[in-house]
Amino acid sequence: QVQLVESGGGLVQAGGSLRLSCAVSGFTFSSYAMGWLRQAPGKEREFVAHITWMDSTTYYEDSVKGRFTISRDNAKNTLYLQMNSLKPEDTAVYYCAAYGRETDRIPSYIDPRAYVYWGQGTQVTVSS
């Protein structure tokens, strides 16, 4: 049974930090590229960060570059997202997901449809 369980969300003031974790089971974590995506109220789900399976190359959405860091610990089957210098516009439900297919968007990793396994999400709220 595939499970992705996010934790670490919460309420933080602007400028603060949070570290999200995603514990994975039910599939071979080390063989999957992984991503963090988020969805704010009234908005579509959007790409935040991606990490490859082979060499842990990372990619970020422009608005989080330099502030967020995605990482993985294959020995612990866990994905992380370190979020620093948080802004009110970062407020959203954050999801971890396993990348599984290419889509017609280039690059595919920015497309939520490319992810095949999803967690339930964790709320991040940044107050101004």
Side-chain angles (χ1 to χ4, degrees):
Q1 180 182 0
V2 170
Q3 284 193 313
L4 296 86
V5 180
E6 299 98 335
S7 60
L11 174 63
V12 64
Q13 288 189 330
S17 298
L18 284 173
R19 188 193 195 204
L20 305 184
S21 298
C22 174
V24 167
S25 61
F27 65 97
T28 306
F29 176 70
S30 59
S31 296
Y32 279 77
M34 298 292 296
W36 287 98
L37 299 96
R38 66 187 179 188
Q39 187 165 18
K43 295 188 176 182
E44 294 187 350
R45 197 166 296 188
E46 65 175 8
F47 165 74
V48 175
H50 180 89
I51 186 167
T52 63
W53 67 272
M54 182 176 288
D55 57 4
S56 294
T57 300
T58 58
Y59 304 91
Y60 298 94
E61 194 270 327
D62 285 346
S63 70
V64 307
K65 283 181 182 176
R67 300 189 298 123
F68 290 11
T69 302
I70 186 173
S71 62
R72 65 191 300 161
D73 186 334
N74 289 338
K76 295 183 178 180
N77 285 353
T78 303
L79 180 72
Y80 302 100
L81 185 68
Q82 178 67 44
M83 304 186 295
N84 298 329
S85 303
L86 282 160
K87 304 175 181 180
E89 51 264 44
D90 295 318
T91 294
V93 176
Y94 283 71
Y95 299 89
C96 71
Y99 179 82
R101 55 176 165 248
E102 293 189 352
T103 70
D104 55 0
R105 293 187 72 179
I106 299 174
S108 287
Y109 60 75
I110 67 172
D111 189 346
R113 297 176 300 163
Y115 294 85
V116 293
Y117 302 136
W118 290 83
Q120 82 288 349
T122 186
Q123 177 70 47
V124 171
T125 303
V126 184
S127 63
S128 56

## Note on the structure
Closest non-hydrogen contact found for Met34 with Ile70 is O-CD1, 4.1 Å
### Query
Which distance, rounded to the nearest 0.5 Å, do you find between the OG of Ser71 and the CG of Leu81?
8.0 Å
### Query
So, for Pro112 and Ile110, which heavy atoms are closest and what is the spacing to 0.1 Å?
CD-O, 3.5 Å
### Task
Could you grab the distance from atom CZ of Arg67 to atom OG of Ser85, nearest 0.5 Å is fine?
7.0 Å
### Task
Kindly determine whether Lys87 and Asp90 satisfy salt bridge (charged side-chain N to carboxylate O under 4.0 Å, His left out), including the steps that lead there.
CA-CA 5 Å; Lys87 304 175 181 180; Asp90 295 318; over 6 Å; no
### Message
Tell me whether Arg38 forms a cation-pi arrangement with Tyr95, defined as NZ or CZ under 6.0 Å from the six-membered ring centre and within 45 degrees of its axis.
### Response
no
### Task
Using a strict 4.0 Å threshold on nitrogen-to-oxygen distance, state whether Arg101 and Asp111 make a salt bridge.
no
### Query
In Å, rounded to the nearest 0.5 Å, how long is the span from CG of Leu79 to SG of Cys96?
6.0 Å
### Message
Count I, L, V, M, F, W, Y as connected when their side-chain heavy atoms are under 4.5 Å apart, and connections chain through other members. Are Val126 and Trp36 then in the same cluster?
### Response
yes
#### Entry: Leu37 versus Ala97, closest heavy-atom pair with distance
CD1-CB, 4.0 Å
### Message
Tell me whether Gln39 contacts the main-chain N or O of Lys43 through its side chain, where contact means a donor paired with an acceptor under 3.5 Å.
### Response
yes
### Query
Can the ring centroids of Phe68 and Tyr60 be said to lie less than 6.0 angstrom from one another?
no
### Query
Taking Thr57 for the side chain and Thr52 for the main chain, is one N or O donor matched with an acceptor at less than 3.5 Å?
no
### Query
Is the closest side-chain heavy-atom distance between Gln1 and Gln3 below 4.5 Å?
yes
### Message
If the condition is ring-ring contact (aromatic ring centres under 6.0 Å, His included), which residues does Phe29 pass it with, not counting sequence neighbours?
### Response
none
### Message
Using only atom types and a distance under 3.5 Å, with no angle test, would you say the side chain of Thr78 pairs donor to acceptor with the backbone of Lys76?
### Response
yes
### Message
Looking at Glu102, I want to see if its CD is surrounded by more than 12 non-hydrogen atoms of other residues, nucleotides or ligands under 6.0 Å.
### Response
no
### Task
Check whether any side-chain heavy atom of Gln120 lies under 4.5 Å from a side-chain heavy atom of Glu6, and answer yes or no.
yes
### Query
Hey, does the Lys NZ or Arg CZ of Arg72 hover above the aromatic six-ring of Trp53, less than 6.0 Å from the centre and inside 45° of the axis?
no
### Message
Tell me the closest heavy-atom pair linking Val48 and Val64, and the distance in Å.
### Response
O-CG2, 3.7 Å
### Query
Any side-chain heavy atom of Arg45 sitting closer than 4.5 Å to one from Trp118?
yes
### Query
Distance from Thr103 atom OG1 to Arg113 atom CZ, nearest 0.5 Å?
5.0 Å
### Query
Quick one: do Val116 and Phe47 end up in the same hydrophobic cluster if we chain Ile, Leu, Val, Met, Phe, Trp and Tyr together by side-chain heavy atoms under 4.5 Å apart?
no
### Task
Heavy atoms only: give me the nearest Cys22-Leu4 pair and the separation to one decimal.
SG-CB, 3.9 Å
### Message
Are Thr122 and Leu20 packed together at the side-chain level, in the sense that at least one heavy-atom pair is separated by less than 4.5 angstrom?
### Response
yes
### Query
Glu89 and Thr91: side-chain donor and acceptor closer than 3.5 Å?
no
#### Entry: Ring centroid separation Tyr32 to Tyr99 under 6.0 Å
no
### Query
Once you round to the nearest 0.5 Å, how far does OG1 of Thr125 lie from CD of Gln13?
13.0 Å
### Task
Please name the pair of heavy atoms, one in Ala14 and one in Ser128, separated by the smallest distance, quoted to 0.1 Å.
CB-CA, 4.4 Å
### Query
Which distance, rounded to the nearest 0.5 Å, do you find between the CE of Met83 and the OG of Ser17?
8.5 Å
### Query
So His50 and Tyr115, would you call those rings parallel, tilted or perpendicular, with 30° and 60° as cut-offs?
perpendicular
